[in-house]
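Just below is one structure, and these are the notes that go with it.
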Protein chains: 2
Amino acid sequence: MQLDPNHLLMLAAVVDEGGLTSGAHALGKSQPSLSRTLAALEARLGQPLFEKGRRPLVPTELGAALAAQGRIIWQASGEASVQADLYIGGKTGAVRVAGTPVFMDAVIATMIAGFQQAHPNVRIDQSYGYAETLMRDVESGALDLAICPLPPGDLPEPIAFEEILQGRNVIACRMGHPLARKRALRLEDIANYPWIAPPTNSPLYQDLRAILHEIEVDDVKVSFSGGSISAVRTVLEGSDSLTILPYSVIFMMRQQKALTALDIRIKHVPRNLGIISPTDRPVRPAVRRFHRYIASEFKALARSISHAQQNSVWRA
Amino acid sequence: MQLDPNHLLMLAAVVDEGGLTSGAHALGKSQPSLSRTLAALEARLGQPLFEKGRRPLVPTELGAALAAQGRIIWQASGEASVQADLYIGGKTGAVRVAGTPVFMDAVIATMIAGFQQAHPNVRIDQSYGYAETLMRDVESGALDLAICPLPPGDLPEPIAFEEILQGRNVIACRMGHPLARKRALRLEDIANYPWIAPPTNSPLYQDLRAILHEIEVDDVKVSFSGGSISAVRTVLEGSDSLTILPYSVIFMMRQQKALTALDIRIKHVPRNLGIISPTDRPVRPAVRRFHRYIASEFKALARSISHAQQNSVWRA
DNA sequence: ACGCAATATAACTCAATGCTATGCAATTGG
DNA sequence: CCAATTGCATAGCATTGAGTTATATTGCGT
């Protein structure tokens, strides 16, 4: 005997609510609709679902047994509704995001922490990569979002690039570094200190080479290379080494008063940090929400940076 | 977002079967039907349920989440079908049956044991009572069936009485009783032994009085009264007492070779054992099945009795 | 016994679901 | 790499079922 889940659900409603009228109200339907449907179900079964001729409607054995299943269906149905609403509202789901290691660890991680606070049921699957790989993965659908620096105007096929921060690198050192307080630094000053080199496949490494070339320092001592931002920071703090870092990374660490930037102007790199996202497929609500969150956080960060630069408070 | 359980069920089928075509087959529907329904569901949700453009149909996060609920609905639906089939087939449910104590304990209990063997999921709610009470309870719906002796032709309103055994009482005693082997017993023989009297409100008590009057024994020694068949049997076995019992009760105990009947003819009581059932309401399948079982068992018992009487085997 | 409240029935409408036929896209095999 | 195959999407149509309002009927309490 094949039974329609909807019929069982109606039965459960009537049994639980104790009547057709209230059951119909609970389901948002009319009383005759329930009456007829349950009558048809009884006819199909050949057995009454309710004791006949009793007014506080009392279910028969069969009615009670089927109502129990209907109750399960009701619950599952409600749970599905909740799940759907959460998903559509971006409160649930997974976000696969990747970016360049330094930005992910020093900037994005903080933002992810804030996002998780507000949306604990959204799973963030984070990974690392550089522009080329990131774009390929976004295009193929392996990634939902990528955050990395890109030269302006470089927009292949079905990919959007939303710029969120001006690309600007600085030379970083520990807070008490001999060069930290000097103004009008000369090249010779810099050349005397050991350098920490970013991984050779990173954009920062390209930037480092370009900058060194620009300031006509051809030969530097590389004391350490290949480490993550955490390792780099530790080495920086414990030595007089220099390295090149995005200004935003230094800015994010300003509270710890561990690192600072040298007062030497470096040409803006021809790349801006941005969010890479696909345009050829629907964006899942959780991804959209995360995307917006990151964008707004960066907007706030940019404001904060420009404000700080005007006052030069953090360098005091 | 209100979701139709049927849609979730379809989704689950498609996800579990790994495709629209096989899912449709599993549900006994056509593939276009599923395709259109799921497309409509996607439209309602505003989110895809399956990754687009991939042929081994793979569900999205949302699709998987909703399919999980659909699976629950599917299970509950199937369970309901099973429950309904069992109930309709009389394999499940409760039977409320009552009868006169002696018959219930000595005859019906054995039959119930056999029934339970075959239908362990049918619950038998047994109780005791005499004709008047039994009929009232059957009429009121408190009982499904009653088994008791009734005078023929006494059929009030909405009650059926199916005769299943000729009413015939005998004088019972222990197997080795001094009177057990005698033929052509005389009244004086009987009068000298103590009697066990049935409960005064039982039909058997009426029968006892009638019989004693018939054989013109006015004054008997009552050594024990009011006990159940079990107590009566124990007393009978341990003494030379006599009592009156339905022949079928003695017959059912023939294997134990503990009790026997005196070879003295007693007028048939004007009552036949039968099954009382209501005619004004639908009979539940389990009740019908139990009813049939009891009736067929009694038919077999009657055959067995008449066969035994012709051969007088059991008395040898 | 009467009145109230709840259920059953009637008559009708329309959305949803079923089907077959067919187009189109993705995967597989040579 | 192209062709064949398999499987999903779409179209058009028929039918069922579920929804509605209006109304009759039936238990139940006073």
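Fair warning: this is a prediction, and the values are worked out from it, not measured in the lab. Lettering of chains follows the sequences in order, A, B, ..., and the numbering in each one begins at 1.
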Restricting to nitrogen or oxygen on both sides, can you table the protein-nucleotides 26-30 of chain D pairs closer than 3.5 Å?
{"unit_1": "D:dT26", "atom_1": "O2", "unit_2": "A:Arg55", "atom_2": "NH2", "d": "2.4"}
{"unit_1": "D:dG27", "atom_1": "O4'", "unit_2": "A:Arg55", "atom_2": "NH2", "d": "3.4"}
{"unit_1": "D:dC28", "atom_1": "OP1", "unit_2": "A:Arg55", "atom_2": "N", "d": "2.8"}

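- Side-chain atoms of B:Asp85 come within 3.5 Å of backbone N or O of A:Met1 as a donor-acceptor pair.
- Put simply, A:Ser30 has a side-chain N or O that comes within less than 4.0 Å of OP1 or OP2 on D:dT20.
- Neither OP1 nor OP2 of D:dG17 sits under 4.0 Å from any side-chain N or O of A:His7.
- Atom pair A:Asn6:CG and C:dT17:C1' shows a separation of 13 Å (rounding to whole Å applied).
- Comment: B:Arg96 does not engage B:Asp125 in a salt bridge, judged by the lack of any side-chain N to carboxylate O separation of less than 4.0 angstrom.
- If you take CZ of A:Arg36 and C1' of D:dT21, they are 12 Å apart, rounded to a whole angstrom.
- Atom P of nucleotide D:dC8 and atom CD of B:Glu42 are separated by 13 Å, given to the nearest angstrom.
- Residue A:Gln75 places its CD atom among 12 or fewer non-hydrogen atoms of other residues, nucleotides or ligands, all under 6.0 Å distant.
- Going from atom CZ of B:Arg44 over to atom P of C:dT17 covers 11 Å, rounded to whole Å.
- Between B:Tyr293 and the choices B:Glu297, B:Arg289, B:His291, the side chain to side chain contact (heavy atoms under 4.5 Å, CB included) rule is met once, by B:Glu297.
- The separation between A:Leu34 atom CG and C:dA8 atom C1' is 13 Å, rounded to whole Å.
- B:Ser35 comes within 4.0 angstrom of a nucleotide base, judged by non-hydrogen atoms across all strands.
- Counting only heavy atoms from C-beta on, B:Thr21 has its side chain closest to D:dC8 among C:dA10, D:dT10, D:dC8.
- Atom pair B:Lys29:NZ and D:dC8:C1' shows a separation of 18 Å (rounding to whole Å applied).
- Atom CG in B:Asp4 sits about 10 Å away from atom P in C:dA16, given to the nearest Å.
- Under a 3.5 Å cut-off, the side chain of B:Asn272 and the backbone N or O of B:Gly167 do form a donor-acceptor pair.
- Going from atom CD of A:Gln2 over to atom P of D:dG17 covers 14 Å, rounded to whole Å.
- Side-chain N or O atoms of B:Arg284 include none that pairs as donor or acceptor with a backbone N or O of A:Gln47 at under 3.5 Å.
- In terms of polar N and O atoms assigned as donor or acceptor, the side chain of A:Gln31 comes within less than 3.5 Å of the base of C:dA8 in a complementary pairing.
- Residues B:Lys52 and B:Glu42 are paired through a salt bridge, judged by an N-O separation under 4.0 Å between the basic side chain and the carboxylate.
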